[in-house]
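A short worksheet on the structure shown next.
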Amino acid sequence: MDVYMTRNMGELIKGNPYVGRGIVIGKSDNGKSAVTAYFIMGRSANSRNRIFTIRDGEVFTEPFDASKVEDPSLIIYAAVRSIDNRLIVTNGDQTDTIYDGLRSGKTMSEALLSREFEPDAPNLTPRISGVVSFEGGDFTYEMSILKSADREGSACSRYTFSYPSLAGTGHFIHTYVTDGNPLPTFQGEPERTRIPSDIDEFTEEIWNNLDKDNRISLYVRYIDLATGEAEERLINKNIQEV
């Protein structure tokens with residue numbers, strides 16, 4: 001097995017009915033951009049009743065139809081926020097936990113000591129997070145997963161992965177292996193994936209290979225390392241199909 005194999009995102013997700021929520025962080029092929037992507041999927045009516053919105057450079061999940069919201073606690077949150085020279089992306093309200101922690105001088109891992117996996121038994125959905133740190137015209141990034149240590153959810157296992165930025169290389173972490181009851185939690189290290197230079201190519205590759213029935217929303221951001229300017233793409237299935 002080649003541990004340095006870098007596969008396209010399409011290869012990693014095509015044919016998989018449910019990888020849940022996913023985060024990708026890395027550097028574009030041409031070495032010019034810091035790249036982040038976040039997507040959500042949904043099986044229940046409550047989970048599917050969502051869209052992404054952008055407000056002041058931050059990304060939020062919001063209900064598509066507010067009258068149909070059953071439980072907002074695990075589906076409505078800030079997914080992408082910035083503080084100083086760092087960009088935060090997560091699959092839940094731990095975005096704010098990390099933001100507050102960084103502001104007070106903590107690391108991502110230290111900030112997340114106050115959090116655990118989601119209280120949605122029997123799935124016990126992991127909390128996945130990433131922080132991109134910019135310095136000197138380049139960046140490094142960390143990814144984290146908090147997941148249950150057993151079927152009962154009696155304790156939390158915590159994993160943090162730290163990466164340099166390498167042109168054309170990114171890492172992909174997601175909440176579930178695939179569909180199931182209960183849903184099987186992501187295992188192992190974040191998967192290596194290729195990051196193309198073109199934002200539209202990358203956006204289409206992810207969206208077109210996510211399961212058509214379960215995909216909900218996708219957000220992609222390319223940040224020019226030379227200028228700091230951001231280019232972004234946003235797809236909401238609910239708005240597309242209206």
Side-chain angles (χ1 to χ4, degrees), residues 19-25 36-42 44 46-47 50 52-53 55-63 69-135 139-163 171-177 182-190 217 219 221:
V19 292
R21 285 165 274 174
I23 296 171
V24 185
I25 303 175
T36 56
Y38 178 56
F39 66 78
I40 59 174
M41 305 180 77
S44 68
N46 192 46
S47 291
R50 288 183 289 176
F52 285 170
T53 61
R55 299 198 300 271
D56 297 325
E58 299 183 341
V59 180
F60 296 84
T61 62
E62 294 185 348
V69 174
E70 299 168 14
D71 178 8
S73 63
L74 294 177
I75 67 167
I76 308 302
Y77 53 88
V80 180
R81 297 188 69 184
S82 298
I83 177 171
D84 300 327
N85 66 326
R86 287 166 288 191
L87 179 68
I88 308 163
V89 54
T90 90
N91 74 326
D93 64 7
Q94 74 268 23
T95 303
D96 296 332
T97 303
I98 297 171
Y99 181 94
D100 292 339
L102 295 178
R103 189 171 56 180
S104 65
K106 295 180 180 179
T107 65
M108 176 178 69
S109 297
E110 290 170 338
L112 288 172
L113 287 174
S114 64
R115 305 303 304 269
E116 293 189 345
F117 47 87
E118 295 181 0
D120 60 342
N123 295 317
L124 303 173
T125 298
R127 292 190 186 273
I128 55 174
S129 308
V131 171
V132 185
S133 300
F134 297 91
E135 187 173 0
F139 68 98
T140 58
Y141 57 101
E142 292 185 311
M143 305 183 91
S144 164
I145 184 168
L146 310 180
K147 60 184 183 178
S148 179
D150 55 25
R151 293 187 184 89
E152 292 71 37
S154 65
C156 181
S157 296
R158 303 169 183 276
Y159 303 88
T160 302
F161 306 89
S162 300
Y163 300 103
H171 290 86
F172 170 43
I173 193 167
H174 44 103
T175 50
Y176 311 121
V177 176
L183 288 159
T185 293
F186 178 87
Q187 300 293 316
E189 297 181 21
S217 296
Y219 174 78
R221 180 184 295 188

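Heads up: numbering here begins at 1 and tracks the sequence.
- Under the rule for a salt bridge (charged side-chain N to carboxylate O under 4.0 Å, His left out), the partners of Glu118 that lie at least two apart in sequence or sit in another chain are Arg21.
- Of all heavy-atom pairs between Thr107 and Leu102, the closest is C-CD2, 4.2 Å.
- For the residue pair Arg158 and Leu113, the shortest heavy atom distance occurs at NH2-O, 3.5 Å.
- With sequence neighbours left out, the salt bridge (charged side-chain N to carboxylate O under 4.0 Å, His left out) criterion links Glu58 to Arg81.
- Looking at Asp93, its side chain never comes within 3.5 Å of a backbone N or O of Tyr77 through a donor-acceptor pair.
- Checked against the 6.0 Å centroid criterion, the rings of Tyr163 and Tyr141 qualify as a close aromatic pair.
- Applying the salt bridge (charged side-chain N to carboxylate O under 4.0 Å, His left out) rule to Glu62 yields the partners Arg55; only residues at least two apart in sequence or on another chain are considered.
- Judged as a side chain to side chain donor-acceptor pair (under 3.5 Å), and not counting sequence neighbours, the contacts of Asp120 are Thr125.
- Across every non-hydrogen atom of Leu146 and Cys156, the tightest pair is CB-SG, 3.9 Å.
- For the pair Phe161/His171, no side-chain contact is recorded, criterion being any heavy-atom separation below 4.5 Å from C-beta on.
- When the salt bridge (charged side-chain N to carboxylate O under 4.0 Å, His left out) test is applied to Arg103, the partners found at least two apart in sequence or on another chain are Asp100.
- Counted by atom type alone, Ser144 and Ser129 present zero donor-acceptor pairs between their side chains at under 3.5 Å.
- Closest heavy-atom contact between Gly20 and Tyr176: CA-CD1, 3.6 Å.
- Lys147 forms no cation-pi arrangement with Phe186, by the criterion of a distance under 6.0 Å to the ring centre and an angle within 45° of the ring axis.
- For the side chain to side chain donor-acceptor pair (under 3.5 Å) test, residues two or more places apart in sequence or in another chain that qualify with Thr97 are Arg115.
- To the nearest 0.5 Å, atom CD of residue Glu189 and atom CD1 of residue Ile173 are 10.0 Å apart.
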